[in-house]
Amino acid sequence: FLVYTHTSIVRVFFITAASFGALSLWGYTTNRDLTGMGSFLIMGLFGIIIASLVNLWLGSSVLQFIVSVVGVLVFAGLTAYDTQRLKNEYMFGSLDGETAERSAIMGALSLYLNFINMFTLLLNLVSAANASSAEILWGFISRYLPGATPQTHPMLDRLVGYAINY
């Protein structure tokens, strides 16, 4: 978290919390059966894992951006799917005490991991947007101030950072 500003971490946390709450509410209240969507989301999860492993060797910022966007969508869908699955297990399942307890713990862990992954992927997206905004601003600055770089003008670099975060 040393790479991100406090402002971006707090902003992304509240965005993730609001999204997670809304998706869980939708998954809980919808009459649509989301079980068919679950298998596609799990395949998408495996695709994200494979693409992330490939990107360890490639180091492509474009692939990282695609993984982040697709990952947010997959974990958003998994949040709704897992919430509905837990509701159905509770409402219609005839589980004994120990099995119901394990199912509840695994469901809570699943929702927790959905939240954490959605948070980190959104944080990657925000930092990628901030990095490209900084590049655009420095391109504009160097047009009117030839030779200006973050290394040669640290105060100007600090101002660019403030402009991006607010």
Side-chain angles (χ1 to χ4, degrees), residues 1-93 95-135 161-166:
F1 288 110
L2 298 176
V3 179
Y4 309 109
T5 63
H6 297 302
T7 306
S8 63
I9 291 172
V10 171
R11 184 179 303 149
V12 169
F13 176 79
F14 284 116
I15 290 169
T16 306
S19 301
F20 185 84
L23 288 162
S24 287
L25 181 65
W26 180 72
Y28 189 84
T29 59
T30 187
N31 291 328
R32 182 176 176 212
D33 186 19
L34 301 178
T35 54
M37 192 171 73
S39 59
F40 288 109
L41 293 170
I42 296 297
M43 287 190 303
L45 177 62
F46 286 121
I48 291 167
I49 292 169
I50 291 168
S52 296
L53 290 174
V54 167
N55 200 32
L56 285 175
W57 285 281
L58 294 179
S60 171
S61 60
V62 173
L63 184 57
Q64 180 61 37
F65 179 78
I66 291 169
V67 165
S68 295
V69 169
V70 171
V72 167
L73 295 175
V74 165
F75 285 108
L78 281 172
T79 299
Y81 166 75
D82 286 337
T83 303
Q84 188 179 67
R85 181 179 53 84
L86 285 171
K87 178 188 89 167
N88 289 339
E89 284 178 5
Y90 178 75
M91 302 272 290
F92 305 116
L95 304 174
D96 64 345
E98 187 176 325
T99 307
E101 186 177 306
R102 285 185 183 179
S103 176
I105 291 171
M106 292 302 293
L109 179 64
S110 176
L111 288 173
Y112 170 74
L113 290 173
N114 290 342
F115 182 88
I116 294 297
N117 284 310
M118 201 166 22
F119 174 73
T120 56
L121 291 168
L122 280 172
L123 203 55
N124 282 338
L125 285 176
V126 167
S127 70
N130 286 349
S132 64
S133 299
E135 291 171 6
Y162 287 136
I164 289 170
N165 290 320
Y166 291 103

Shortest non-hydrogen contact from Asn124 to Ser68? CB-OG, 3.6 Å

Side-chain heavy-atom pair Leu58, Asn55 within 4.5 angstrom cut-off: yes

Hey, what do you get for CE (Met106) to CD (Glu101), rounding to the nearest 0.5 Å? 13.0 Å

Minimum heavy-atom distance between Ala51 and Val67, given as atom pair plus value: CB-CG2, 3.7 Å

Can you tell if the side chain of Thr30 reaches within under 4.5 Å of the side chain of Gln84, non-hydrogen atoms only? yes

My understanding is that only residues two or more places apart in sequence, or in another chain, count here; which of them pass side-chain hydrogen bond (donor to acceptor under 3.5 Å, both in side chains) with Asp82? Arg85, Ser110, Asn114

Can you name the residues that form a side-chain hydrogen bond (donor to acceptor under 3.5 Å, both in side chains) with Ser24, not counting sequence neighbours? Thr83

For Thr29, all residues meeting side-chain hydrogen bond (donor to acceptor under 3.5 Å, both in side chains), sequence neighbours excluded: none

The complete set of salt bridge (charged side-chain N to carboxylate O under 4.0 Å, His left out) pairs with one or both residues in residues 59-73, sequence neighbours excluded, reads none

Got a list of side-chain donor-acceptor pairs under 3.5 Å for residues 39-47, not counting sequence neighbours?
| unit_1 | atom_1 | unit_2 | atom_2 | d |
| --- | --- | --- | --- | --- |
| Ser39 | OG | Gly36 | O | 3.3 |

Interatomic distance, Ile48 atom CD1 to Ile66 atom CD1 [nearest 0.5 angstrom]: 12.0 Å

The complete set of ring pair (Phe, Tyr, Trp, His ring centres under 6.0 Å) pairs with one or both residues in residues 8-29, sequence neighbours excluded, reads Phe13-Phe115, Phe20-Phe115

Quick one: are Leu78 and Leu113 in side-chain contact, heavy atoms under 4.5 Å? no

So, do Leu53 and Ile50 sit near enough that their side-chain heavy atoms are less than 4.5 Å apart? no

Let me confirm one number: the CG-CG distance from Leu121 to Leu73, rounded to the nearest 0.5 Å. 10.0 Å

For Val126 versus Ser8, what's the shortest heavy-atom pair and its separation? CG1-CB, 4.1 Å

Is there a side-chain contact (heavy atoms from CB on, under 4.5 Å) between Ile9 and Phe119? Walk through the geometry before answering. CA-CA 9 Å; Ile9 291 172; Phe119 174 73; 4.1 Å; yes

Just wondering, do Phe75 and Thr120 contact through their side chains at under 4.5 Å, heavy atoms? no

